[in-house]
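A quick write-up on the structure given underneath.
Note that the coordinates shown come from a computational prediction; the quantities given were computed from them, not determined experimentally. Each chain gets a letter, A, B and so on, in the order the sequences are listed, and its residues count up from 1.
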There are 2 protein chains.
Amino acid sequence: MFISTLGLAGFNTAEYAKLRLELEVAHAKLVEGDRKSQDNLGWMQPLDPDDEQVGKIIAAAEQIRRDADVLLVIGAGGSYLGARAGIEMLAGRSGTEILFLGHHLCTANLKEVFAKLKGRRVAVNVVSKSGTTLEPAIAFRLARRWMIDQYGVEEATRRIYVTTDPEKGALLAMAKKNGYKSFSIPERVGGRYSVLTVAGLLPMAVHGADIREMLRGAQEAARLYTNPRLEANTCYQYAVYRNFWYRNGKSIELLAGYDTRLRTLSDWWQQLFAESEGKDGKGIFPAVVQLTTDLHSVGQYIQQGPRHLLQTVLWVKQSDLNVTLPEMEDDLDGLGYLTGQDLHEINKRAFLGALTAHTNGGVPNVVLHLPDLTEQTIGHMFYFFMKACAVSSLLLGVNPFDQPGVEAYKRQMFHLLEERRTS
Amino acid sequence: MFISTLGLAGFNTAEYAKLRLELEVAHAKLVEGDRKSQDNLGWMQPLDPDDEQVGKIIAAAEQIRRDADVLLVIGAGGSYLGARAGIEMLAGRSGTEILFLGHHLCTANLKEVFAKLKGRRVAVNVVSKSGTTLEPAIAFRLARRWMIDQYGVEEATRRIYVTTDPEKGALLAMAKKNGYKSFSIPERVGGRYSVLTVAGLLPMAVHGADIREMLRGAQEAARLYTNPRLEANTCYQYAVYRNFWYRNGKSIELLAGYDTRLRTLSDWWQQLFAESEGKDGKGIFPAVVQLTTDLHSVGQYIQQGPRHLLQTVLWVKQSDLNVTLPEMEDDLDGLGYLTGQDLHEINKRAFLGALTAHTNGGVPNVVLHLPDLTEQTIGHMFYFFMKACAVSSLLLGVNPFDQPGVEAYKRQMFHLLEERRTS
């Protein structure tokens, strides 16, 4: 992945030299941890595309594509964002339609999703390490009820796929008791680093993604981004860059995509960085903008608000879709000079124009140039961000792999739910 | 709208007393400006539901509903976010389907939207004050071409509705020359304050919204929120509250909705506040979270990241949709104690639990309690936020109604586009 940085005045400072030294420590820590097969580092070695497990995932996906018009994927946070991101980036594949549930408690959306299932052949894939996270557990109970009412116990069982912990948990117990087909999320991979495991791969394969290609992209990235030399490692550059700016007063990072298919990838990125870094009173706030759309929204703030922002732009170089501006006899809209031009070229001018304007306005920008939105690039990008996030968190001085703050609301919520039980 | 604030320790300070005095000035300025019919204050007096203009909008909407299965609404920023917000909050109405275009330059999305038009009866509503904003101008050219190819010039003309400036601009000229039906956005209303004009009302009416009820809600809000007494004016309370915290180190405001139908309302709110306040190096960064979804994403950061956040929660009290947790013979998911409970009640426990946890974690919270998601409440809420934003911007010491920073990228972009023309 090609990376270019702008607004780097002041980068050759003592702070930067310090960051380089810290990077060496972080790099050594990850290499050593990987060698020792430490907990939480299972994502560092992506699955081999020729692994037997990959074949099993593809076979299950093919079965689902034969059996179902819709696959209902149930999961929260890292258990669905990666799959959804991949599926949205690969929009237009001819696979089974994928619908997502189990990440909220909104009745309106639940009703809407179940209404879409009516009259169609349905399969379910529930993704949860514990099986006791409230939202997916509730959605799965509703889905099981619906499937049993629709198909009877036996056929419903055949259509339910469980992705969960290999050793323990409520969902594993349920799968065993009821005879659901089950897949294991590797023990050494946490939720937000699980997109390239069966958690993300199975739904993406059902959508029609070539997951072997995706894993090839991730493997290539894994090779490239073990290079300890900062100059040769764009992933480390990104991690150093954002920490440099964090230490120099930037507290918000905007991820800006110029392609609407990048929407959920941005949400996945936001979860990855917010949960990995947002602790001990530290962390850049990761926010998402969609451009050019939000040039007419947050754009004013980016240009002239407080200078606490940095911006990371995702630019997809090649467009496989040709839309040109048609000719009109009258030229009352004043667009005549753009007639016959490809819209992607016009989008590119908007991207370059905003980049210059925002940089001049005092917002440091980094551009991640994606060659295209194919499986290989997507796999590469997933890996790029996960490794960058792990390194970045280590530079920040926090644990990239825990989320102790998430327990706080759960305690309060379960306390209130329990109260209702006894009242 | 009922409002409750939490985490107010330290509110009785000199800063707060100062804000009260500044509020009096801001209030007087808006009252005086409204009396003098000043520029940009046209939104302060919502349309009378019995106004002749409202009748015309409803008649046009009825015509579109008879003629079309799909209405393509073309607009950017304030020209589509309000309509889209209203339509999403009123999901499930039986009107004509509304699709949005013209707010970006992404070819993938353009192709997707045009693919959805195939074989269906289509009408177009283009919304733009100038007619020269690049994205909607391009989308409208594509749409005109499509409509003419589909229907021929005469019938295409009958199916195109233009919402634009009453006096000037490229779009007005085009409407006159081609004989498109046209509606006027009042001159004294800027784009991000235009949701309760024809810009927002026509698409919402086509969706099946009772826009007279919406205007009744807005009128009620206009009456309520002219009260100069802070204690009696929740709209002013919200404006004072956020400025108080801004002056006390909070630089990011999260708008958190617990209902998926509030997604675009949040985007509309973000545009309103970002463009109104983000200038002169000032302004709270408005960010959007969807809960409970993002408790599994940004939640960790909210709980334990830097304490520069405040959170505004939208809670819809009444759910008109009953979904209860079904019984299952096995209780392997451990949810047995919630069997038979309404999901909205469980969502409420999550909301209250997160509220306590985040407040305890040092994030000030304010809750805006919406009784329901009916037209009246929605109209009330739109007005609440617009007035709060105007007052809040005045407290911040910036002009709530201009957007000088938006010109910066446009200059750069048009420069690049012009280069192509001459090269």
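Interface residue A:Glu135: only side-chain heavy atoms are found under 4.5 Å from chain B. Looking at B:Phe414, the atoms closer than 4.5 Å to chain A (heavy atoms on both sides) all sit in the side chain, from C-beta outward. Using a 4.5 Å cut-off between heavy atoms, A:Asn178 contacts chain B through its side chain alone, with no backbone atom that close. Both the backbone and the side chain of B:Phe285 come within contact range of chain A, each with at least one heavy atom under 4.5 Å from a heavy atom of that chain. Proximity to chain A is limited to the side chain of B:Leu338, based on heavy atoms less than 4.5 angstrom apart. Using a 4.5 Å cut-off between heavy atoms, A:Ile302 does not touch chain B at all. With a 4.5 Å cut-off on non-hydrogen atoms, A:Ile346 touches chain B through its backbone and its side chain both. Proximity to chain A is limited to the side chain of B:Ala287, based on heavy atoms less than 4.5 angstrom apart. Of the two parts of B:Lys279, the backbone and the side chain both hold a non-hydrogen atom closer than 4.5 Å to a non-hydrogen atom of chain A. With a 4.5 angstrom heavy-atom cutoff, B:Leu396 does not touch chain A via any of its atoms. Looking at B:Gln270, both its backbone and its side chain come within 4.5 Å of chain A, counting heavy atoms on both sides. Both the backbone and the side chain of A:Arg141 come within less than 4.5 Å of a heavy atom in chain B. Using a 4.5 Å cut-off between heavy atoms, B:Glu407 does not touch chain A at all. Looking at A:Asp330, the atoms closer than 4.5 Å to chain B (heavy atoms on both sides) sit in the backbone and in the side chain alike. Contacts of A:Lys348 with chain B are absent, with no heavy-atom separation under 4.5 Å from either backbone or side chain. Of the two parts of B:Thr133, only the side chain, counted from C-beta on, holds a non-hydrogen atom closer than 4.5 Å to a non-hydrogen atom of chain A. For B:Asp333, the parts sitting under 4.5 Å from any heavy atom of chain A are the backbone and the side chain alike. Heavy-atom distances place the side chain of B:Leu110, and not its backbone, under 4.5 Å from chain A. Of the atoms belonging to B:Leu171, not a single heavy atom falls under 4.5 Å from chain A. Heavy atoms of B:Ile284 lying under 4.5 Å from chain A belong exclusively to its backbone. Residue A:Asp149: no heavy atom, backbone or side chain, is found under 4.5 Å from chain B. For chain A, the nearby part of B:Gln303 is the side chain; its heavy atoms alone come within less than 4.5 Å. Residue contact with chain B, scored on non-hydrogen atoms closer than 4.5 Å, is absent for A:Phe273.
With values rounded to the nearest 0.5 angstrom, A:Gln300 atom CD is found 7.0 Å from B:Asp402 atom CG. Between atom CG of residue A:Asn347 and atom CG of residue A:Leu352 there is a gap of 10.0 Å, rounded to the nearest 0.5 Å. Note that CD of A:Glu112 and CG of A:Leu101 are 10.0 Å apart. Values are rounded to the nearest 0.5 Å. Atoms OG and NE2, on A:Ser297 and B:His103 in that order, are 12.0 Å from each other to the nearest 0.5 Å.
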Go through A:Leu172 and A:Val162 one step at a time and tell me if the side-chain contact (heavy atoms from CB on, under 4.5 Å) criterion holds. CA-CA 8 Å; A:Leu172 185 70; A:Val162 166; over 6 Å; no
Please step through side-chain contact (heavy atoms from CB on, under 4.5 Å) for the pair B:Arg84 and B:Trp268, ending with a clear verdict. CA-CA 9 Å; B:Arg84 189 170 189 164; B:Trp268 172 84; over 6 Å; no
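Side chains of B:Leu81 and B:Thr264 form a contact here, defined as non-hydrogen atoms less than 4.5 Å apart. Here the side chains of A:Val363 and A:Arg307 are in contact, with some heavy-atom distance below 4.5 Å. Counting heavy atoms from C-beta on, the side chains of B:Leu355 and B:Phe351 come closer than 4.5 Å. When side chains are defined from C-beta on, A:Leu309 does not count as touching A:His358, because their heavy atoms never get closer than 4.5 Å. The side-chain heavy atoms of B:Gln341 and B:Arg349, taken from C-beta on, include no pair separated by under 4.5 Å. Within the 4.5 Å cutoff, the side chain of A:Leu134 has no heavy atoms near those of the B:Thr292 side chain. With a 4.5 Å cut-off on side-chain heavy atoms, B:Tyr80 and A:Thr293 count as touching. Annotation: side chain of A:Thr356 is not in contact with side chain of B:His415 (no heavy-atom distance under 4.5 Å).
Note: A:Tyr409 and B:His296 have perpendicular aromatic rings, judged against thresholds of 30 and 60 degrees for the angle between ring planes.
Note on A:Glu277, A:Arg411, A:Glu327: by heavy-atom pairs under 4.5 Å with chain B, the leading option is A:Glu327. By number of non-hydrogen pairs under 4.5 angstrom with chain A, the leading residue of B:Lys410, B:Met328, B:Met174 is B:Met328. Per-residue counts of heavy-atom pairs under 4.5 Å with chain A were compared for B:Ser130, B:Gly77, B:Pro326; the largest is that of B:Pro326. Of the listed residues (B:Val323, B:Asp294, B:Thr107), the greatest number of heavy-atom pairs within a distance under 4.5 Å of chain A belongs to B:Thr107. Contact count versus chain B (heavy atoms, under 4.5 Å) is highest, among A:Gly78, A:Ala274, A:Gly191, for A:Ala274. Top candidate by heavy-atom pairs under 4.5 Å with chain A, chosen from B:Ala115, B:Ala108, B:Ala170, is B:Ala108. The candidate with the highest count of non-hydrogen atom pairs below 4.5 Å against chain B, out of A:Val406, A:Leu335, A:Asn109, A:Val398, is A:Leu335. The candidate with the highest count of non-hydrogen atom pairs below 4.5 Å against chain A, out of B:Asp267, B:Val289, B:Leu295, is B:Leu295. If you tally non-hydrogen atom pairs under 4.5 Å between each of B:Gln403, B:His344, B:Lys282, B:Gln290 and chain A, the highest count goes to B:Lys282. Counting heavy-atom pairs closer than 4.5 Å to chain B, the top-ranked of the candidates A:Ala91, A:Ala350, A:Gly131 is A:Ala350.
Between the side chain of A:Arg144 and the backbone N or O of A:Leu142, no donor-acceptor pair lies under 3.5 Å. Counting only distance, with no hydrogens or angles, the side chain of A:Gln304 and the backbone of B:Asp280 share no donor-acceptor pair below 3.5 Å. Under the 3.5 Å distance criterion, the side-chain polar atoms of A:Tyr258 are left unmatched by any main-chain donor or acceptor of B:Cys106.
In terms of the side-chain hydrogen bond (donor to acceptor under 3.5 Å, both in side chains) criterion, B:Asn399 has no residue partners (sequence neighbours excluded).
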